[in-house]
Amino acid sequence: MTTALLEDLKWRKSIAQTTEFDALAKFLDGGSRSLYLGFDPTAPSLHIGNLVALTVLRRFQLAGHKPIALVGGATGLVGDPSGRNSERTLNEVEVVNEWVEKIHHQLVGFLDFSGSNAAIMANNLDWTAPVSAIHFLRDIGKHFSVNQMLSKDSVSSRLESGGISYTEFSYQVLQAFDYLELNRREDCSLQIGGSDQWGNIVAGVDLIRRVEGKAAHALTIPLLTKADGSKFGKTADGSIWLDPNMTSPYAFFQFFLNSDDRDVEQLLRTFSFKSHDELEDLFDSLKTNPGAREAHRALAREVTTLIHGSEQAEKVENAAKALFGQSEIRDLDESTLESALKELPRTTINRGSEFPTWVDLITATGVVDSKSAARRVVKEGGAYINNVKISVEDHKPSLDDLMHGRFIVLRKGKRDLAAVEVV
RNA sequence: GGUGGGUUGCCCGAGCGGCCAAUGGGAGCGGACUGUAAAUCCGCCGGCUCUGCCUUCAGUGGUUCAAAUCCACUACCCACCA
């Protein structure tokens, strides 16, 4: 059963490194095991990059294991040096606490908190805060060799590039302590995480062996990379967030739909819960008929459903279909148009007042950064009202442009749409 | 502690008294081609009340008709020497 899980993860290319593989497989085969995955609150929301490991955690639960989702209320205050070449700026305690709450909330929807292998939520502040510095240094610190700590990639690379504070240097000890605590409290003997976490996780494995004399396991997941070499999940405007207020479900869906062809197969392997057969079929269609973008659509639909729910996913897909469809946008009936536009960045103008220019309207929706940028777009021929190109720089929509008496669709370039509603 | 070098637009990186909103590359944006993809080609790429005006070249103050460019101090980085 569990061997199947590991095989599945291999098929998905979701395993970067593990502690001794056979031992891990044997351990997992022995029953329903506790495992943990941690997130540090470095923002008010998780983003798509975090979703990679979270998806793996979910796969473990579906295979019968007990997931522990840890939010780093303590470690988030210290700052993980992994994968960074400069010191983090520390966030205020209240801010971090607020983020912990929000992230907690997001995790709830992703795991099953009922049943025999119910998921557990943890916050490392619970066991870190009560420990005094003296006890921490005596009981935990004593088991760490500075030589080993220095040799970790996250530390050594920083020593070469501007240094590292004692605070961040200590991070791996804190994370190791978390693993030890969860091992004691929840009998947790597996920690998973992104491959950049290997050093931190192994620090915990070592600590558990030293203190408890027990074997603990580790499994890391490769960081996703894009075909063009850039980081997965980042756009020019920043990360793709799971919080619908930070990244709209429409934008979220579009992000996946617009994936590079070359990335789609791996994205499906990583995120999809479809059967291997179904996925193989999608890979085929990607090769034989890439223009249809069936695989893109399936990917966007599934991930959006997972994060925002099926109802919302359907809405945004329909919106995209309506707005990018072959049919004339003016032919859309009012309710279809209204629900489609609801998913877009928008602005409103008062009925009766004079229409602002296209430049002012698009700027108001936030689709462009400045009026200069908006003007440039018009000059370059990328400005549209209801899919009709405009070319005069101070062009204003007229009453004739109103669809159903109250809507105007603005477009910038090929795929950026925004809505204007007259109220 | 000593000496020398550095800090430029989203990133890298030229400029070393006026011709500088500042060369070049990357990212980004628009167009063509396509499939709301990639590659390629062309154009754009600080802001605004846009034939002009305003704010930028670590910070502060100064020299000058005129400074990113010169001087002084401050902060941070890097190198060599102790």
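Throughout, a chain's letter reflects where its sequence line sits, starting with A, and its residues are numbered from 1.
Side-chain N/O atoms of A:Tyr384 include none lying less than 4.0 angstrom from OP1 or OP2 on B:rG30. Proximity of A:Lys379 to the phosphate of B:rG30: no side-chain N or O atom is located under 4.0 Å from OP1 or OP2.
Counting only N and O atoms by type, the side chains of A:Asp40 and A:Tyr171 include a donor and acceptor under 3.5 Å apart.
Contact check of residues 249-267 of chain A against RNA chain B (heavy atom, cut-off under 4.0 Å) returns A:Gln254, A:Leu257, A:Asn258, A:Ser259, A:Asp260, A:Asp261, A:Arg262. RNA chain B is contacted by A:Gly413, A:Lys414, A:Arg415 of residues 413-420 of chain A, taking any non-hydrogen atom closer than 4.0 Å.
Note: CD1 (A:Ile362) to C1' (B:rG30) measures 13 Å, nearest angstrom. Distance A:Arg411 CZ to B:rU36 P: 10 Å, rounded to the nearest Å. In this structure, the CG atom of A:Leu286 is 12 Å from the C1' atom of B:rA38, given to the nearest Å. Note: CG (A:Leu344) to P (B:rU36) measures 17 Å, nearest angstrom.
Counting non-hydrogen atoms of other residues, nucleotides and ligands closer than 6.0 Å to NE2 of A:His135 gives a total of 12 or fewer. No more than 12 heavy atoms of other residues, nucleotides or ligands sit less than 6.0 Å from atom NE2 of A:His105. The 12-atom threshold is exceeded at CG of A:Asp228, counting heavy atoms of other residues, nucleotides or ligands nearer than 6.0 Å.
Base pairing annotation: B:rC44 forms a Watson-Crick or G-U wobble pair with B:rG28, both donor-acceptor distances under 3.5 Å. For B:rA75, the paired base is B:rU7 (Watson-Crick or G-U wobble, both distances below 3.5 Å).
Among the atoms of the strands shown, only primed sugar atoms or phosphate atoms (P, OP1, OP2) are found under 4.0 Å from some heavy atom of A:Gly382. When heavy atoms are screened at a 4.0 angstrom cut-off, A:Ala320 is found touching base atoms of the nucleic acid.
For the P atoms, the distance from B:rC11 to B:rG61 is 25 Å, rounded to whole Å.
Between A:Phe177 and A:Phe136, the two ring planes are perpendicular [angle over 60°; tilted spans 30° to 60°]. Using bins of under 30°, 30° to 60° and over 60° for the plane-to-plane angle, the ring pair A:His47/A:Trp241 lands in the perpendicular bin.
Using a 4.0 Å cut-off between charged side-chain N and carboxylate O, A:Glu265 and A:Arg269 make a salt bridge. Note on A:Asp360 versus A:Lys371: salt bridge recorded, some NZ/NE/NH1/NH2 to OD/OE distance being below 4.0 Å.
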Every protein N/O lying under 3.5 Å from an N/O of nucleotides 45-48 of chain B:
unit_1 : atom_1 : unit_2   : atom_2 : d
B:rG47 : OP1    : A:Ser370 : OG     : 2.9
B:rG47 : OP2    : A:Arg376 : NH2    : 2.8
B:rC48 : OP1    : A:Lys371 : N      : 3.0
B:rC48 : OP2    : A:Ser372 : N      : 2.7
B:rC48 : OP2    : A:Ser372 : OG     : 2.2

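Taking for each of A:Arg293 and A:Lys412 the nucleotide of RNA chain B with the nearest heavy atom, the 5'-most of the two is the partner of A:Lys412.
Figure legend: A:Arg301 and A:Phe253 shown without cation-pi pairing, the cationic atom not lying both under 6.0 angstrom from the six-membered ring centre and within 45 degrees of its axis. Judged by the 6.0 Å and 45° rule, A:Arg415 forms no cation-pi pair with A:Phe324. A cation-pi arrangement is not found for A:Arg12 relative to A:Phe271, the charged atom failing to lie both closer than 6.0 Å to the ring centre and inside a 45° cone about the ring normal.
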